[in-house]
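Here's the structure, in structure tokens; my notes come after.
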Amino acid sequence: MARHLITSALPYINGIKHLGNMVGSMLPADVYSRYLRQRGHDVLYICATDEHGTPAELAAKERGLPVDEFCAQAHDAQKAVYDGFALAFDYFGRSSSAENVEITQHFARRLNENGFIEERAIRQVYSPADGRFLPDRYVEGTCPHCGYDKARGDQCENCTRVLDPTDLINPRSAISGSTDLEVRETKHLFLLQSKLQHEVEEWVARHEAQWPQLASSIARKWLNEGLHDRAITRDLDWGVPVPADTWPELAAEGKVFYVWFDAPIEYIGATKEWADKDPASRDWKSWWYDVDDEVRYTEFMAKDNVPFHTVMFPATELGVREPWKKVDYVKAFNWLTYYGGKFSTSQKRGVFTDQALEILPADYWRYFLIANAPESDDASFTWEHFTATVNKDLADTLGNFVNRVLSFSRKRFGDEVPAGGEPGEAETRLGEEIARLLAEYEEHMEALQFRKAAAALRALWSAGNSYLEEKAPWLEIKTDKDGAALTLRTAMNLIHLYAVVSEPFIPATAKAMRSAFSLQDDTATWVPEDEARSLTSVPAGTPFTVPPVLFAKLTDEDLEAYKERFGGSQA
């Protein structure tokens, strides 16, 4: 089977992420990884915390912690939330790792040897009070466009205008608050992306037809506007150091690489971290180096990350002149909004992933988010929509089906799957419908069309309810006990099928459904077409139990409580 390398956008270290971040990268990557593993593919799903850059230093300062200690704690806190969401990473690393330092410095040296890095003098804000140059985000002041008094030197969060530190009114140091600022000359390294423009264009042209329109259009926009040379170093205390063997003067000044340069390299670095945990049986280069036709590489990210991974990082990989694996397919997502407005980490607006898990188990969120993933356009989260989806799809369509089938069968036939008669016309029709819907589900999953896949999964669940309503075993048992037993046995086989094929979306619930049956040799990872058609994987006589309620219905009181806690209106 094919080997699949999967990565999702690296969550930034400064705080727990919101639901929009979850659905825009890590969750769909997990769903796809789980599906591929079930189909027998060799899968490596890699992610990591993105730990460098000014926001990390500022967040650490706010907490009164050394930045390395802050990042270690924040990494563990984020990992705990992702474990709570049942994200099955093969490895969840850290961009501050020794492995990433090693590979980032290697990339920089190679780019320099190949003539794609240049040292340039630039003018930059300097704070005598702090004794250091200030990166853009370390300069705060009043936005000249909207008057917001906490605008940063790179962008105003209030009006979203892109700024230069010298644009700010009454600028001050974000470290000390000092307004005694100067503009001085300093040196930085620049990646000469302009020299790689044509190579990147040729590479994108070979791939963009296979990408979603969102990803290809963003890449094409950046290329049409022309690639600019970009500074890849900063004056920070925390980051991948500029190697002294290549740039001794800059290294002596404490320059580090800019976060956008080292963060994409961390995908490779995290894979090496994974391999270094078990070097005898893991080979990180077998996933990344000179494996163009052997590995299919899929990336998941929201649209704001697309330029970095379709243009900038490919430029870096091309410039090192080594056969590093480049992305084959970029699954890009639009925004998930909160009642039409932006989720905001800094303004604490919307539902954050740790809060979500306080309210309800992960499967509620996993299903809702993937079923409403912002694939073709932005999607809006509302508590009304969430509640309606949970009640209709999860509680009524799936949960109620499982409960009433198993409860009724235990009440009338005991704790073993009843035998009943031979399948008839209704079972034949059901088998054909299940096989058709399963093929549709597989097709959408292979194409990474998650909303369509969720709709096909929902249709599979609905088919069971339609069959049950048609056969009505609660009436059938009065005149045809064997017929009712057949109906229930067939429905139990559907429950097992649902357990197997629903696992990428709702893994905990899938495990509960599967565990209801005491099958001695239940090693199936998928349901073949002929098995879906025959529905015979759970034979008569199999002991079973009735699991607890799979999904609780959400009430009007729940809805009002959620809205009161988180807000529930237009931004």
Salt bridge present between [X] and [Y] (N-O < 4.0 angstrom):
X	Y	result
D290	K325	no
E442	R39	yes
E432	R436	no
R366	D30	yes
E560	R565	no
E427	K471	yes
K331	E375	yes
K563	E384	yes
K277	E273	no
D328	R296	no

Do any N or O atoms from the side chain of [X] and from the backbone of [Y] form a donor-acceptor pair under 3.5 angstrom?
X	Y	value
N100	G269	no
R451	A373	yes
D50	L10	no

Quick one: are [X] and [Y] in side-chain contact, heavy atoms under 4.5 Å?
X	Y	answer
L369	L19	yes
R410	F544	yes
N21	F343	no
L550	M513	yes
T298	V327	no
P374	F381	no
V23	F333	no

Do the ring planes of [X] and [Y] sit parallel (below 30°), tilted (30 to 60°) or perpendicular (above 60°)?
X	Y	answer
F505	Y441	tilted
Y32	H4	perpendicular
F300	F450	tilted

Original post:
Closest approach of V43 and D90, non-hydrogen atoms and distance?
Top reply: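 Closest approach of V43 to D90: O-OD2, 3.5 Å.
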Original post:
Is it the case that more than 12 heavy atoms not belonging to E422 sit under 6.0 Å from its CD atom?
Top reply: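 12 or below, so no.
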Original post:
Just wondering, are more than 12 heavy atoms of other shown residues or ligands nearer than 6.0 Å to NZ in K481?
Top reply: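 No, because the 6.0 Å sphere around NZ of K481 holds 12 heavy atoms or fewer from other groups.
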Between [X] and [Y], is the gap from one ring center to the other below 6.0 Å?
X	Y	answer
W287	Y289	no
F89	Y45	yes
Y35	W526	yes

Subject >> Check against salt bridge (Lys or Arg N to Asp or Glu O under 4.0 Å), R429 and E433 >> reply: CA-CA 6 Å; R429 287 199 312 273; E433 178 72 354; over 6 Å; no
Original post:
If you round to the nearest 0.5 Å, how far is OG of S380 from CG of N372?
Top reply: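 Reported value, rounded in 0.5 Å steps: 10.0 Å.
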Subject >> Passing option when F386 is tested against Y339, Y367, Y338, W365 for ring pair (Phe, Tyr, Trp, His ring centres under 6.0 Å) >> reply: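 Considering Y339, Y367, Y338, W365, a ring pair (Phe, Tyr, Trp, His ring centres under 6.0 Å) with F386 is found only for W365.
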**OP:** Decide yes or no on salt bridge (Lys or Arg N to Asp or Glu O under 4.0 Å) for D396 and K553, but give the supporting numbers first.
**Re:** CA-CA 8 Å; D396 288 344; K553 291 196 76 165; 3.3 Å; yes
